[in-house]
Amino acid sequence: EVQLQASGGGTVQAGGSLRLSCVITGVIFDQWTIGWVRQAPGKGREGISAITIGDGTTYYSDSVKGRFTVSSENDKNTVYLQMDDLNAADTAVYYCASAASTFSGTHDLKSEYYDHWGQGTQVTVSS
């Protein structure tokens, strides 16, 4: 069974950066997608970024495009989310998740497309 573990959260000042890591154990396939979903206090889950394991295609929501970068090291079964120019609206619990399918566009970033979830890591941005 696939398991995911996210880490790297913390508290950072506005304008700062953090890098989240997601270590994946178990069998995954090139057509799978690994994504990042966040949940801010009092709000629903928001899919913000994803990457296709096989060809490295990336997807970003409008809320993070240009500031966040998703990447993978397939030999380490690890996916990263580099977050730059953070602001208070980025404060949330961040989850990594896997989908046994290839996304076709940013419309696939919805959280309901994911099959397996890791535990969340808290990111707090102070102003």
Side-chain angles (χ1 to χ4, degrees):
E1 181 176 336
V2 175
Q3 293 185 327
L4 304 99
Q5 181 151 359
S7 62
T11 299
V12 63
Q13 287 191 330
S17 299
L18 280 175
R19 188 175 82 157
L20 306 183
S21 299
C22 177
V23 177
I24 306 143
T25 57
V27 178
I28 60 174
F29 300 93
D30 284 352
Q31 68 267 31
W32 282 32
T33 302
I34 305 297
W36 292 93
V37 178
R38 68 185 182 185
Q39 187 165 18
K43 296 188 177 181
R45 289 184 172 181
E46 177 192 14
I48 59 171
S49 184
I51 185 167
T52 305
I53 291 298
D55 64 10
T57 302
T58 58
Y59 305 92
Y60 299 96
S61 66
D62 288 342
S63 59
V64 306
K65 193 171 185 179
R67 301 186 298 121
F68 291 11
T69 304
V70 63
S71 61
S72 66
E73 282 191 279
N74 291 350
D75 58 339
K76 295 183 180 180
N77 271 19
T78 303
V79 171
Y80 303 99
L81 185 67
Q82 176 67 39
M83 305 187 296
D84 297 319
D85 192 22
L86 287 160
N87 58 63
D90 296 315
T91 294
V93 177
Y94 285 71
Y95 300 88
C96 62
S98 67
S101 61
T102 300
F103 286 6
S104 60
T106 56
H107 55 274
D108 290 334
L109 286 171
K110 299 174 184 178
S111 60
E112 54 260 37
Y113 286 141
Y114 294 105
D115 309 302
H116 296 87
W117 293 76
Q119 91 293 349
T121 185
Q122 176 71 46
V123 171
T124 302
V125 183
S126 60
S127 56

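The structure presented is a predicted model; accordingly, all values stated were derived computationally and were not measured.
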Which other residues end up in the same hydrophobic cluster as Val23, if Ile, Leu, Val, Met, Phe, Trp and Tyr are linked when side-chain heavy atoms come under 4.5 Å apart? none
Is Leu86 reachable from Ile48 through a run of hydrophobic residues whose side-chain heavy atoms are each under 4.5 Å from the next? yes
Checking Lys110 now: which residues fulfil salt bridge (charged side-chain N to carboxylate O under 4.0 Å, His left out) with it, not counting sequence neighbours? none
Tell me, which pairs form a ring-ring contact (aromatic ring centres under 6.0 Å, His included) where one or both residues lie in residues 46-85, sequence neighbours left out? none
Residues passing the side chain to side chain donor-acceptor pair (under 3.5 Å) test with Gln39, sequence neighbours excluded, are none
Using a 3.5 Å cut-off and no angle test, enumerate the donor-acceptor pairs between side-chain atoms of residues 111-120 and protein atoms at least two apart in sequence or in another chain.
unit_1, atom_1, unit_2, atom_2, d
Asp115, OD2, Ala100, N, 2.8
Gln119, NE2, Ala6, O, 2.7

Residues two or more places apart in sequence or in another chain: which of them pass side chain to side chain donor-acceptor pair (under 3.5 Å) with Asn74? Ser72
Less than 3.5 Å apart, which donor and acceptor atoms pair up between the side chains of residues 14-22 and the rest of the protein, not counting sequence neighbours?
unit_1, atom_1, unit_2, atom_2, d
Ser17, OG, Asp84, OD1, 2.7

In chain order, what residues pass the side chain to side chain contact (heavy atoms under 4.5 Å, CB included) check against Asp55, with sequence neighbours excluded? Thr52, Thr57
For Ser61, the side chain to side chain donor-acceptor pair (under 3.5 Å) test, sequence neighbours excluded, returns Ser63
Residues forming a side chain to side chain contact (heavy atoms under 4.5 Å, CB included) with Ser104, sequence neighbours excluded: His107, Asp108
Check the pair Arg67, Asn87 against side chain to side chain contact (heavy atoms under 4.5 Å, CB included), reporting the backbone distance first and the verdict last. CA-CA 10 Å; Arg67 301 186 298 121; Asn87 58 63; 3.5 Å; yes
Closest heavy-atom contact between Gly9 and Thr121? N-OG1, 3.0 Å
Throw together a table of side-chain donor-acceptor distances under 3.5 angstrom for residues 91-99, partners on residues two or more places apart or in other chains.
unit_1, atom_1, unit_2, atom_2, d
Thr91, OG1, Ala88, O, 3.2
Thr91, OG1, Val125, N, 2.9
Tyr94, OH, Arg38, NH1, 3.0
Tyr94, OH, Asp90, O, 2.6

Check whether Val64 and Val123 end up in the same hydrophobic cluster, where Ile, Leu, Val, Met, Phe, Trp and Tyr are linked by side-chain heavy atoms less than 4.5 Å apart. yes
Can you pull the disulfide (SG to SG under 2.5 Å) pairs that have at least one residue in residues 38-91, sequence neighbours excluded? none
Examine Ile51 and Phe103 and state if one hydrophobic cluster contains both, with Ile, Leu, Val, Met, Phe, Trp and Tyr joined whenever side-chain heavy atoms are less than 4.5 Å apart. no
Greater than 12 external heavy atoms within 6.0 Å of Gln3's CD: no
Taking atom CD of Gln31 as the centre, report whether more than 12 heavy atoms of other residues, nucleotides or ligands fall under 6.0 Å from it. yes
Spell out, as yes or no, whether a donor-acceptor pair under 3.5 Å connects the side chain of Asn77 to the backbone of Thr25. no
Any heavy-atom pair between the side chains of Met83 and Val12 that's under 4.5 Å? no
Report yes or no: do Val70 and Ile34 belong to one cluster of Ile/Leu/Val/Met/Phe/Trp/Tyr joined by side chain heavy-atom distances under 4.5 Å? yes
If two hydrophobic side chains count as joined below 4.5 Å and joins carry through other members, does Val79 share a cluster with Ile28? yes
